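What follows is a short report on a single structure.
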Amino acid sequence: EPIEAHSSAARREPLEIQAVSLDWKWLFIYPREGIASVNQVVVPTGVPLHFSLTSASVWNTFFVPQLGSMIYTMNGMRTQLNLQADAPGTFQGLSAHFSGDGFSDMHFPVRAVSGDGFQAWVKATRGVGPTLDGAAYTALARQSTNLPPSTYGSVTPELFAQVVRQELAPGPGPGTD
């Protein structure tokens with residue numbers, strides 16, 4: 001296939017998603033859209049996905065087997081992963097690294113929808129429900145299991161960077177008793 005078929009005009013700008021592994025759930029921040037979700041990811045099909053990832057406490061692993069590689073999340077560090085869903089569907093995401101008692105509940109659906117479907121989800125989410133700010137993040141970071149998927153209608157800018165820089169206190173991690 002000629003290189004011209006992959007010209008910059010044909011490329012799409014990646015969707016930025018910031019992921020935080022918590023005890024024992026996942027937080028996904030969509031910085032450009034100004035929204036966030038817990039234990040669910042919604043993405044448009046055919047669009048490159050650029051994940052920036054960190055951990056709120058202990059090491060973890062982000063893995064969506066049907067879409068590609070897995071990568072570790074580590075407290076105080078940012079890792080990156082590029083994925084893409086070429087077809088609509090729901091793909092199982094999970095933690096592939098033991099991280100304490102609630103580890104087995106650290107799974108999330110990745111819903112790949114049309115571009116219009118994604119925009120509709122963003123519009124339905126933005127401005128609805130709670131704001132993800134430092135206080136809401138601290139409450140979310142407390143250990144819990146089996147949280148149903150939920151969303152935040154707005155996000156404090158730079159929240160992910162504050163988590164990476166540990167300006168928001170790391171979670172406690174698994175107990176030792």
Side-chain angles (χ1 to χ4, degrees), residues 12-44 47-64 67-85 90-95 99 105-113 115 117-144 147-171:
R12 294 187 178 196
E13 187 173 338
L15 173 64
E16 297 290 332
I17 302 174
Q18 299 166 332
V20 182
S21 59
L22 297 146
D23 295 331
W24 289 282
K25 58 211 155 257
W26 290 93
L27 169 64
F28 300 99
I29 300 169
Y30 296 76
R32 285 193 208 123
E33 290 73 17
I35 61 174
S37 63
V38 175
N39 289 339
Q40 68 175 335
V41 181
V42 179
V43 299
V47 173
L49 308 172
H50 178 255
F51 285 88
S52 295
L53 305 101
T54 195
S55 173
S57 68
V58 298
W59 279 23
N60 228 300
T61 305
F62 174 90
F63 190 27
V64 184
L67 298 184
S69 299
M70 69 173 127
I71 193 162
Y72 280 98
T73 62
M74 293 165 270
N75 188 255
M77 295 181 70
R78 181 177 72 94
T79 54
Q80 299 180 65
L81 181 65
N82 295 297
L83 299 176
Q84 183 168 312
T90 300
F91 310 101
Q92 186 66 27
L94 56 106
S95 170
S99 60
D105 297 318
M106 285 188 70
H107 45 82
F108 54 92
V110 177
R111 289 186 16 235
V113 298
F118 177 73
Q119 290 307 321
W121 178 76
V122 169
K123 185 177 178 183
T125 302
R126 188 179 289 137
V128 176
T131 295
L132 182 61
D133 56 14
Y137 172 82
T138 299
L140 181 65
R142 290 188 192 110
Q143 291 180 341
S144 62
L147 282 186
S150 61
T151 57
Y152 291 90
S154 61
V155 178
T156 299
E158 298 299 309
L159 186 100
F160 180 80
Q162 291 172 335
V163 173
V164 173
R165 292 190 304 257
Q166 299 180 339
E167 292 169 14
L168 291 169

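Keep in mind the model is a prediction, meaning the values are calculated, not measured.
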Minimum side-chain heavy-atom gap [X]-[Y] below 4.5 Å:
| X | Y | result |
| --- | --- | --- |
| Pro48 | His50 | no |
| Leu159 | Leu168 | yes |
| Leu147 | Leu140 | yes |
| Ser55 | Val20 | no |
| Glu33 | Leu15 | yes |
| Val155 | Tyr30 | no |
| Glu16 | Ile29 | no |

Taking atom [atom1] of [X] and atom [atom2] of [Y], what is their separation to the nearest 0.5 Å?
| X | Y | atom1 | atom2 | value |
| --- | --- | --- | --- | --- |
| Ser150 | Lys25 | OG | NZ | 10.0 Å |
| Gln162 | Thr156 | CD | OG1 | 7.5 Å |
| Leu27 | Leu22 | CG | CG | 6.0 Å |

Discussion item. Set out, in order, the CA-CA distance, both residues' side-chain angles and the distance that settles side-chain contact (heavy atoms from CB on, under 4.5 Å) for Thr90 and Val110, then state yes or no.
Written reply: CA-CA 5 Å; Thr90 300; Val110 177; over 6 Å; no
For [X] versus [Y], what's the shortest heavy-atom pair and its separation?
| X | Y | value |
| --- | --- | --- |
| Leu132 | Ala36 | CD2-CB, 3.8 Å |
| Arg126 | Ile35 | CA-CG2, 3.7 Å |
| Leu81 | Ser69 | CD2-O, 3.6 Å |
| Leu67 | Gln84 | CD2-O, 3.8 Å |
| Asn39 | Pro149 | O-CG, 3.7 Å |
| Gln18 | Phe160 | OE1-CB, 3.2 Å |

Side chains of [X] and [Y], donor plus acceptor under 3.5 Å:
| X | Y | answer |
| --- | --- | --- |
| Thr54 | Arg78 | no |
| Thr151 | Thr125 | no |
| Ser57 | Asp23 | yes |

message: Thr73 vs Trp26, test: side-chain contact (heavy atoms from CB on, under 4.5 Å). Steps then yes/no.
response: CA-CA 11 Å; Thr73 62; Trp26 290 93; 4.2 Å; yes
* Tyr152 ring center within less than 6.0 Å of Tyr137 ring center -> no
ask   = Does the pair Ile17 and Val41 meet the rule for a side-chain contact (heavy atoms from CB on, under 4.5 Å), with working shown?
value = CA-CA 9 Å; Ile17 302 174; Val41 181; 4.1 Å; yes
What I want to find out is whether Arg32 reaches Glu13 closely enough, with some N-O distance under 4.0 Å, to be called a salt bridge.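 Glu13 and Arg32: salt-bridged.
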For the residue pair Phe62 and Phe51, does the interplanar ring angle fall in the parallel (under 30°), tilted (30 to 60°) or perpendicular (over 60°) class? tilted
* To do: Tell me, with the steps shown, if Arg111 and Phe118 meet side-chain contact (heavy atoms from CB on, under 4.5 Å).
  => CA-CA 9 Å; Arg111 289 186 16 235; Phe118 177 73; over 6 Å; no
